[in-house]
Amino acid sequence: MASDISSLLTEGRPSASAANRARRAAETAAFAEAVLDGLARRPRSIPSRFLYDAAGSVLFEEITKLKEYYPTRTETKMLETFGAEIAEHVGDTETLVEFGSGSSRKTSLLIDALPSLDTYIPIDVSEDVLMDAAKRLSGKHPGLTVRPLVGDFTRRRTLIGAPRGDKLGFFSGSTIGNLTHKEAKTFLENAARLLGQGSAFLIGVDLKKSLDVLIPAYDDEDGVTAAFSLNLLSRINRELDGDFDTARFAHVALYNADKGRIEIYLKSLADQKVHVLGRRFTFSTGERIHTENSHKYTVAEFQELAHSSGWRPVTAWIDEDDLFSLHLLQLS
Ligand code: SAH
Ligand code: AVI
């Protein structure tokens with residue numbers, strides 16, 4: 001089969017640009033609603049998926065290269081080390097569906113390990129990074145059909161254009177940790193319906209560990225993670241006619257031991273007023289906006305979550321430093 005980036009943004013519809021314009025307008029409307037509601041409520045919060053506009057995705061790529069940020073390099077090494085073992089379980093899979101694929105850098109390792117694969121369906125809300133990755137992977141893996149789907153992976157109900165047959169889901173980087181336990185359960189239940197009986201799911205999950213390792217990973221000394229967080233305010237300024245002064249907010253990362261998660265906030269450094277889409281919001285010094293959670297799991301905790309969501313845990317691999325886990329789940 002020829003190398004093919006099918007249905008780039010169109011999902012097979014004839015009027016691609018009209019459909020794309022409508023989708024982008026809907027995403028901006030969703031962003032506006034989330035920001036106006038999130039700034040009005042107490043405690044203030046904005047869902048973490050809005051961190052990933054084009055600039056946010058570039059900053060996340062920078063995070064993955066930081067010495068403090070162990071998840072990406074650890075998971076990459078694990079895919080190199082355990083690729084053959086993973087293939088022993090799912091080696092005849094023809095379709096790979098990746099949730100929150102981002103730059104898809106680690107995915108090539110999995111694709112190389114799975115000889116029968118002929119279709120790759122990456123799903124991501126961040127359009128530019130998704131399309132760049134789709135083009136790169138299509139070039140790198142001749143014969144692979146790449147069908148990117150732009151949008152929220154928690155809301156996807158169909159895999160348009162996907163071939164029939166068993167599928168392998170892939171959810172890397174511990175992005176599942178950015179969902180609460182309840183959201184993760186709903187996500188896993190929906191993924192089971194999307195992928196279908198007989199399918200498998202490979203999920204990268206960050207492990208609980210010492211705060212000496214964990215906190216710097218989310219508050220690096222070069223301030224790259226802070227820039228990633230603060231970009232949310234810049235995005236509001238760009239897209240929602242906001243007037244946030246990013247110098248008057250600070251990135252805060254702390255570990256909530258009860259909830260087993262890193263929590264990220266933007267803290268106001270002054271008493272100030274901010275406008276978004278003509279609405280005024282007042283911040284007092286120290287007041288925070290909750291922007292992100294990053295849950296950490298023991299192997300047993302994640303297997304319990306998977307089991308309660310209808311998946312059968314098959315194998316869990318961990319790296320030699322006990323930093324990260326890769327879970328293989330099956331539907332049968
Ligand atoms: N899997 C990659 C990228 C992780 S960053 C890696 O391991 O390096 C998280 C990715 O998930 C980003 O590309 C972001 O745009 C995407 N994302 C976050 N929330 C999303 C959502 N609700 N729907 C679709 N994509 C989402
Ligand atoms: C994408 N996700 C798994 C990252 C994480 O580790 O929770 C996002 C991130 N936020 C700050 N640093 C990294």
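Start at 1 and go down the list; that is how both ligands and their atoms are numbered. Values reported hereafter were calculated over all heavy atoms of this structure, with side chains retained and with hydrogens, waters and symmetry mates removed.
- Contacts of Phe99 with ligand 1, taken as heavy-atom pairs under 4.0 Å, are absent altogether.
- At the shortest separation from atom 13 (O) of ligand 1 among protein heavy atoms lies Asp124 OD2, 2.7 Å.
- Listed by chain and residue number, Phe99, Trp311 satisfy the ring pair (Phe, Tyr, Trp, His ring centres under 6.0 Å) test with Phe201 (two or more places apart in sequence, or in another chain).
- Taking atom 22 (N) of ligand 1 as the reference point, the nearest protein heavy-atom neighbour is Asp152 OD1, 2.9 Å.
- Residue-level proximity to ligand 1 for Ser103 is absent, since no heavy atom of it falls below 4.0 angstrom.
- Applying the 4.0 Å criterion to heavy atoms of Thr225 picks out, from ligand 2, the atoms 11 (C), 12 (N).
- Contacts between Arg105 and ligand 1, counted as non-hydrogen atom pairs separated by less than 4.0 Å, are absent for every part of the residue.
- Under 4.0 Å from ligand 1, the heavy atoms of Thr175 that appear belong solely to its side chain.
- Within the structure, every pair that satisfies the salt bridge (Lys or Arg N to Asp or Glu O under 4.0 Å) test and touches residues 216-225, not counting sequence neighbours, is listed here: Lys67-Glu221.
- Of the heavy atoms in Tyr70, none comes closer than 4.0 Å to ligand 2.
- The closest protein non-hydrogen atom to atom 8 (C) of ligand 2 is Glu292 OE2, 3.2 Å.
- Contacts between Tyr52 and ligand 1, counted as non-hydrogen atom pairs separated by less than 4.0 Å, involve the side chain only.
- The nearest heavy-atom contact from the protein to atom 4 (C) of ligand 2 is Tyr69 OH, 3.3 Å.
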